[in-house]
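What follows is a single structure, written as structure tokens, with notes after it.
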Amino acid sequence: MRRAGVLATGVLVVALGFCGTGAWTYAQARTDQELAFSRERDTALADGRRGVTVLNTLDASTRERAEAGIRAWREASTGPLRTELGRTEPAVGASARATVTEAALTALDARAGTAKLIATVRVDVTPRGAAAATTDRKRLEAVLTRTGEDTWRVAALSTVPVTGAEGGAGGGASGDRSGDENGSGE
């Protein structure tokens, strides 16, 4: 009987030690600065992807839809870019739908609330009255600014020039090559 009591006490001590270690590890993880930084990075990346997508998308099939698209641009941006986009007059014309295919943060200053994002974007452009869309690919850099507790908006957006893999420069600011179908430009 005495042996069973000692064994039960031993099991209880081991279980309490295991629970205590788990609680200590959990408390460390919740207050870990690296964990907080990674959450901030993930939030900035997700908001940046969303912002770049919105800023490259516009349904201009009607004036009302174009106005809604410009409002969405303003909601996704901040600072001088927001002001500049607010001066855009809605008009019926070509429509564009963007998809961010890849994106990454190249810089993040969580204390200052700034980040830089690079992204590759596929934009399907449908001219007014056309049935088929053409596809354009862009490489963009976005400067992000934290505007709220967990909200990041695009403060600046610019194209990244594409240089050819064989030492040649790509044509145009978006890196599109003109010429034949294989991109040789000849």
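Think of Trp73 as one node in a network of Ile, Leu, Val, Met, Phe, Trp and Tyr side chains linked at under 4.5 Å; its network also takes in Phe37, Leu45, Val52, Val54, Leu55, Leu58, Ile70, Leu81, Leu85, Val100, Leu105, Leu108, Leu117, Val121, Val123, Val125, Leu140, Leu144, Trp152, Val154, Leu157. Other members of the hydrophobic cluster containing Leu16, listed by chain and number, are Leu12; membership follows side-chain contacts under 4.5 Å among ILVMFWY residues, whether direct or relayed. Grouping Ile, Leu, Val, Met, Phe, Trp and Tyr residues whose side-chain heavy atoms lie under 4.5 Å apart, directly or via other members, leaves Phe18 alone, with no other cluster members.
Residues satisfying the salt bridge (Lys or Arg N to Asp or Glu O under 4.0 Å) test with Arg50, not counting sequence neighbours, are Asp47. Under the side-chain hydrogen bond (donor to acceptor under 3.5 Å, both in side chains) criterion, Arg146 pairs with Glu40, not counting sequence neighbours. Shown here are the side-chain hydrogen bond (donor to acceptor under 3.5 Å, both in side chains) partners of Asp124, two or more places apart in sequence or in another chain: Thr135. Considering only residues two or more places apart in sequence or on other chains, Thr151 meets the side chain to side chain contact (heavy atoms under 4.5 Å, CB included) condition with Thr147, Arg153.
Here the shortest heavy-atom pairing between Pro127 and Ala94 reads CA-CB, 3.9 Å. In terms of heavy-atom proximity, Val92 sits nearest to Ser61 at CG1-O, 3.7 Å.
Each side chain to side chain donor-acceptor pair (under 3.5 Å) pair with one or both residues in residues 101-118, not counting sequence neighbours, appears once here: Thr101-Thr120. Residue pairs that meet the salt bridge (charged side-chain N to carboxylate O under 4.0 Å, His left out) test with at least one member in residues 51-80, sequence neighbours left out, are Asp59-Arg65, Arg63-Glu67. For residues 78-92, no pair satisfies salt bridge (charged side-chain N to carboxylate O under 4.0 Å, His left out), with sequence neighbours left out.
Ser95 places a side-chain N or O within 3.5 Å of a backbone atom of Ala60 that can act as its donor or acceptor partner.
More than 12 heavy atoms of other shown residues, nucleotides or ligands fall within 6.0 angstrom of atom CZ in Arg41.
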